[in-house]
Amino acid sequence: MSLDPSALTARYHAAINALDFQSICDAFAENARYVSNGVGALSGRAAIVSAFRDYFLVYPDQVAEDGVIETLSPSSARATWHPTATNSKTGEKVERSGVEFLHFNGEGRIVAIEVFDDD
């Protein structure tokens with residue numbers, strides 16, 4: 001059975017929107033890497049999930065809408081997104097948009113994500 005990177009990406013994003021940390025954790029391979037301008041480079045599932053937990057303590061109402069999710073190869077996808085959230089400490093509304101590239105292993109787990117905010 002072949003993997004569907006677009007479907008895996010949509011499932012991962014749904015887990016984030018639901019704040020389903022078990023599913024977020026399950027989406028990543030043990031040795032995954034996550035790179036973005038906001039958090040820098042994270043290595044390993046535990047570090048990535050910990051960063052997600054910390055982020056959602058500050059932005060618990062974030063909802064991200066996918067623009068386009070497209071399969072780039074049998075093991076990668078590209079997604080455009082637009083999250084909105086409120087900083088729970090300051091009340092500031094935050095809107096972002098950007099693109100992320102997701103890479104999957106043969107088991108359908110994320111091995112790497114690169115996130116780029118729109119300027």
Full working for side-chain contact (heavy atoms from CB on, under 4.5 Å) between Leu72 and Phe101: CA-CA 9 Å; Leu72 299 177; Phe101 295 90; 3.7 Å; yes
Identify whether Val115 and Tyr55 are in the same connected component of the hydrophobic contact network (ILVMFWY, side-chain heavy atoms under 4.5 Å). yes
I'd like to check Thr9 versus Phe104 (side-chain heavy atoms, cut-off strictly below 4.5 Å). Are they in contact? yes
Which heavy atom in Val99 sits nearest to a heavy atom in Trp81, and how many Å separate them? C-NE1, 3.5 Å
Do Tyr34 and Ser36 make a side-chain contact, defined as non-hydrogen atoms from C-beta onward lying under 4.5 Å apart? yes
Is the CD atom of Glu70 crowded by more than 12 outside heavy atoms at less than 6.0 Å? yes
Would a 4.5 Å heavy-atom cut-off, applied to side chains only, mark Arg109 and Phe28 as touching? no
Val111 and Ala29 have their tightest heavy-atom pair at CG1-CB, 3.9 Å
Please examine the side chains of Ser88 and Pro60, heavy atoms only from C-beta on, and report whether any two atoms are closer than 4.5 Å. yes
If I compare all heavy atoms of Leu3 with all of Leu8, which pair ends up nearest, and what's the gap? CB-CD1, 4.3 Å
Would you find a donor on one side and an acceptor on the other, under 3.5 Å apart, between the side chain of Asp61 and the backbone of Ala85? no
Answer yes or no: is there a side-chain heavy-atom contact under 4.5 Å between Phe52 and Leu19? no
For His13 and Ala79, the nearest pair of non-hydrogen atoms, with its separation, is CE1-CB, 3.7 Å
With side chains defined as the heavy atoms from C-beta onward, is the minimum distance between Glu114 and His103 less than 4.5 Å? yes
Do His82 and Thr84 have side chains that approach each other closer than 4.5 Å (heavy atoms only, starting at C-beta)? yes
Please step through side-chain contact (heavy atoms from CB on, under 4.5 Å) for the pair Glu100 and Leu102, ending with a clear verdict. CA-CA 6 Å; Glu100 66 181 355; Leu102 299 92; 3.6 Å; yes
Let me confirm one number: the CZ-CG distance from Arg11 to Asp26, rounded to the nearest 0.5 Å. 10.0 Å
What one should report as the nearest heavy-atom pair of Ser76 and Ser73 is OG-OG, 2.7 Å
Between the side chain of Asn37 and the main-chain N/O of Phe116, is any donor-acceptor distance below 3.5 Å? no
Test side-chain contact (heavy atoms from CB on, under 4.5 Å) on Ile16 and Phe56; report intermediate values, then the result. CA-CA 10 Å; Ile16 292 171; Phe56 283 111; 3.6 Å; yes
State, to 0.1 Å, how close Lys89 and Asn87 come at their nearest heavy-atom pair, and which atoms those are. N-OD1, 2.8 Å
Which value, rounded to the nearest 0.5 Å, describes the distance between Tyr59 atom OH and Arg96 atom CZ? 9.0 Å
In Å, rounded to the nearest 0.5 Å, how long is the span from CG of Asp20 to OH of Tyr12? 12.5 Å
Steps toward side-chain contact (heavy atoms from CB on, under 4.5 Å) verdict (Arg33, Leu42): CA-CA 6 Å; Arg33 292 205 21 98; Leu42 300 170; over 6 Å; no
Kindly compute the distance separating CG (Asp118) from OG (Ser97), expressed to the nearest 0.5 Å. 3.5 Å
To the nearest 0.5 Å, what is the distance between CD1 (Ile48) and SG (Cys25)? 9.5 Å
State, yes or no, whether a side-chain contact exists between Asp4 and Thr71 at a heavy-atom distance under 4.5 Å. yes
